[in-house]
Amino acid sequence: MAIGMTTAVMAAFGADQQAQRENPLLTESKLAYGALDFSKIQTTDYLPAFEAAIKEQRNNIKKIASRTDSATFKNTILPLEDSGKLLIRVSSAFFALTEADKTPELGEIEKQVMPMLTDLDNEISFNKALFKRIKQVYDNQHASLTGEDKKLLEETYKRFVRRGALLPDDKMARMKEINLRISDLQQQWGELVPAATNDAVVWVDKKEDLAGLSEADIAQCAIDAENRGGKAPYAIVIVNTTQQAPLTNLDNRELRKKVYEASIHRADGTNPNYNTYPIVCEIAKLRAEQAAIMGYPNYASYSLERAMAKNPDNVYAFLKNLIGQYSPKADEETMAIEVFAHNAKLTSNPLPISESLEPYDRFYYSAKMKKAMLNISDDEVKPYFNVDSVLVNGVFYAANRVYGLTFKERKDIPTYHPDMRVFEVFDKDGQSMALFYGDYYRRPSKRGGAWMDAFTKQSHHWNQKPIIFNVCNNAKAPEGKPSLLTWDEVTTMFHEFGHALHGMLSNCEYHSLSGTSVARDFVEMPSQFNESFASIPEVFDHYARHFETGKPMPAELKERMLKSINFQTAYALGENLAATCLDLAWHMLPQTAIPTADKAEEFENEALKQVGLLNNQIPPRYRTNYFNHVWGGGYAAGYYSYLWTEVLAVNIADVFAKRGALKPETGQDMRDKILSRGNTGDLMQMFTDFTGMKQPDASSLLKARGL
């Protein structure tokens, strides 16, 4: 395709091509598991595929809604469940790419597709004839249905009610307008934040300015500079979180400051081209209006009603307990680091006595303090964390020992990017059960962070096996060199594979209920729990092997490294608590109290001050202007779920430890009672069935974090 091709020419080009070939997105794939054939899918296939899939679903909905016979589960709920199957296939392929390998052409298509999808969603959600039939089934059959049929009916009915199906016409019309506007704003957010993050790259002219970084990290800076246009020989790229990994080792304080400030100011208007605050304030206002229309005092109350936590009071009680116990530990930690930083006898690059410890200093001196106290550094352990060994000998090995799964690489299945790997997953009886894709390396076309998603979810009703993928943002080494990970990156791979297991081990009848289709404050539990396997001795020794010699990490280095995991962990808890409280603060506001864009940062600081978390040393993991989970993702009023589910995960890990962490019997019990069940039952009851605990025990969290 010629550079500079206009959208109109693209469309004509695509239409001409479509006339000569079948659209692979609209035909059943002949590959194993019905996997998407990315070798045949062209960018120009997506828009016509969306148009065809949306048309098909509209026709399906019309058929259901226009029936004149009595509504039943069989003639209404099941056809509704089946109505969007083609659209799910098209959407899963398209949005996988817009997240992980987005081109300008895909971005243009996304701008056209999002309003189409929102219109369709509104049409279905506010279709009175359709909802009348759903309600008829709910009123007449809810008591007599059982199992997943009953759960599917409940979820379907309540989803329509929560979207506004019972509203009068005027309020229903306003909800449609709000949905469309939020969709448009989130589209803008999705374009602005990655662009701001890419633009925030810090260019470095001289290698000596990168003193403190390893040769491998400096080589990565050179690669990153080349990949981003080569404005200077070296580039420090900004990742999605507030803190940036190079701050741990960079000796140059001015450069550390520059990197940190590039991170926190990436989208706050410091650069006039990148200001997300107008988007944030309008989304917050619209969400508050949605909640008011639905009869709730604020969006948090509306959102949390269907979560495990139930309401904001329960979330705040949970958070206040953690903040109360955490704050003294955080102050002690900060004081200890500052004393160390000023002591010329302890560090070769002391902080001048006249200077205060700044947030861009903390990681640097904390790492030196850890090295002095525990004699450990990232550079010492990274040679033992080769990404391929972590995946095969760690992540997959643990899944084999606990759940009996085996993995075979499939090089015959095309992927959307050459870095991606595909594995077929086999159950303990040797039966094939899933495909797993891994996309582990960062690139400019990929958004920040790490995530799991599915090309297809498991469903017996659709005779469909799961096709799951994980995405991370690890640095890729130059050709012929090993890609080595930090401990945090190791645990991230285990974390995302916990989500993958939730999807792959699903054993549900219906697509809508299967896999990870659970409340936000439950969905992060399997992933956080799976992190615990990374440090279990048998698993650790199996993957932590030197990339050159293949020898396991020496026992004394392993002991020092594992001891260091909980070194000064108040920071990690504090940054998470601060981000959580920011999310809630925005979504506890009524419509009339939402600040204007020019007051957003002031509101943010005041909100943190109110809960005792306005701490220069421990900023939020995400500041408002780049908090993608909340403004671009599905975590509005739900970011607390990471801490909430960490409690669940720690409680479950304790049960595994007592019963035998790698015992297949324990894994099978976890699989039977939680991982296979999706959203087919009460989530707290699932937790209770496995642990025997009536309620989660939050005290275990601080202990697990070494606090």
Indicate whether any N or O donor in one side chain lies under 3.5 Å from an N or O acceptor in the other, for [X] and [Y].
{"X": "K457", "Y": "S517", "answer": "yes"}
{"X": "T118", "Y": "D121", "answer": "no"}
{"X": "S527", "Y": "E524", "answer": "yes"}
{"X": "Q591", "Y": "Y299", "answer": "no"}
{"X": "Q458", "Y": "S506", "answer": "yes"}
{"X": "Q290", "Y": "Y296", "answer": "no"}

With [X], which residues qualify under side-chain hydrogen bond (donor to acceptor under 3.5 Å, both in side chains), at least two apart?
{"X": "E155", "value": "K151, R306"}
{"X": "T680", "value": "none"}
{"X": "D82", "value": "H461, W462"}
{"X": "N273", "value": "N271"}

How close do [X] and [Y] get, heavy atom to heavy atom, and via which atoms?
{"X": "Y635", "Y": "V630", "value": "O-CG2, 4.0 Å"}
{"X": "A309", "Y": "V315", "value": "CB-CG2, 3.6 Å"}
{"X": "A100", "Y": "D439", "value": "CB-OD2, 3.8 Å"}
{"X": "V90", "Y": "A53", "value": "CG2-CB, 4.3 Å"}
{"X": "N314", "Y": "N311", "value": "N-OD1, 2.9 Å"}
{"X": "Q141", "Y": "L153", "value": "C-CD2, 4.4 Å"}

Fit a plane to each ring of H629 and Y642, take the angle between them on a 0 to 90° scale, and name the class: parallel (under 30°), tilted (30 to 60°) or perpendicular (over 60°).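 H629 vs Y642 ring planes: perpendicular.
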Between [X] and [Y], is any pair of side-chain heavy atoms under 4.5 Å apart?
{"X": "M294", "Y": "M175", "answer": "yes"}
{"X": "C281", "Y": "T596", "answer": "no"}
{"X": "Q57", "Y": "I124", "answer": "yes"}
{"X": "L80", "Y": "R133", "answer": "no"}
{"X": "L435", "Y": "I468", "answer": "no"}
{"X": "L97", "Y": "T43", "answer": "no"}
{"X": "F50", "Y": "L117", "answer": "yes"}
{"X": "I178", "Y": "E289", "answer": "yes"}

Using 0.5 Å steps for rounding, measure from the [atom1] atom of [X] to the [atom2] atom of [Y].
{"X": "I279", "Y": "L192", "atom1": "CD1", "atom2": "CG", "answer": "5.0 Å"}
{"X": "S92", "Y": "F469", "atom1": "OG", "atom2": "CZ", "answer": "7.5 Å"}
{"X": "I283", "Y": "Q188", "atom1": "CD1", "atom2": "CD", "answer": "8.5 Å"}
{"X": "E154", "Y": "Y138", "atom1": "CD", "atom2": "OH", "answer": "6.0 Å"}
{"X": "L405", "Y": "D427", "atom1": "CG", "atom2": "CG", "answer": "6.0 Å"}
{"X": "K111", "Y": "M116", "atom1": "NZ", "atom2": "CE", "answer": "16.0 Å"}

Qualifying residues under side-chain contact (heavy atoms from CB on, under 4.5 Å), relative to [X], sequence neighbours excluded:
{"X": "D37", "result": "L31, S39, K40, P414"}
{"X": "E110", "result": "F94, F95, T98, K102, M114, Q187"}
{"X": "T580", "result": "L319, N576, L584, Y639, Y640, L643"}
{"X": "T456", "result": "Q464, I467"}

Any donor and acceptor pair, going by atom type alone, linking the side chain of [X] with main-chain N or O of [Y] inside 3.5 Å?
{"X": "D583", "Y": "G638", "answer": "yes"}
{"X": "K150", "Y": "H142", "answer": "yes"}
{"X": "N625", "Y": "A267", "answer": "yes"}
{"X": "K285", "Y": "T592", "answer": "no"}

Presence of salt bridge, [Y] and [X], under 4.0 angstrom:
{"X": "E123", "Y": "R58", "answer": "yes"}
{"X": "R174", "Y": "D170", "answer": "no"}
{"X": "D45", "Y": "R21", "answer": "yes"}
{"X": "K85", "Y": "E56", "answer": "no"}
{"X": "D101", "Y": "R443", "answer": "yes"}

Got a sec, which residues hit ring pair (Phe, Tyr, Trp, His ring centres under 6.0 Å) with [X], two or more places apart in sequence or on another chain?
{"X": "Y274", "value": "none"}
{"X": "H460", "value": "none"}
{"X": "Y441", "value": "none"}

What ring pair (Phe, Tyr, Trp, His ring centres under 6.0 Å) pairs are there with at least one residue in residues 104-136, not counting sequence neighbours?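 Checked against ring pair (Phe, Tyr, Trp, His ring centres under 6.0 Å) - neighbours excluded - the pairs reaching residues 104-136 are F131-Y157.
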Given W189, W586, Y622, the one that forms ring-ring contact (aromatic ring centres under 6.0 Å, His included) with F627: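 Going through W189, W586, Y622 one by one, the ring-ring contact (aromatic ring centres under 6.0 Å, His included) with F627 is satisfied by Y622 alone.
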E282 vs R181, salt bridge (Lys or Arg N to Asp or Glu O under 4.0 Å): CA-CA, chis, key distance, verdict: CA-CA 9 Å; E282 189 175 352; R181 183 57 182 158; 2.7 Å; yes
Pair F455 and Y437, ring centroids less than 6.0 Å apart: yes
May I have the step-by-step check of side chain to side chain contact (heavy atoms under 4.5 Å, CB included) for L47 and Q112, ending in yes or no? CA-CA 8 Å; L47 186 57; Q112 298 175 69; 3.4 Å; yes
Test side chain to side chain contact (heavy atoms under 4.5 Å, CB included) on N473 and K446 and set out the steps. CA-CA 8 Å; N473 266 283; K446 183 188 286 188; 3.5 Å; yes
Walk me through it: do S183 and L180 pass the test side chain to side chain contact (heavy atoms under 4.5 Å, CB included)? CA-CA 5 Å; S183 173; L180 281 167; 5.7 Å; no
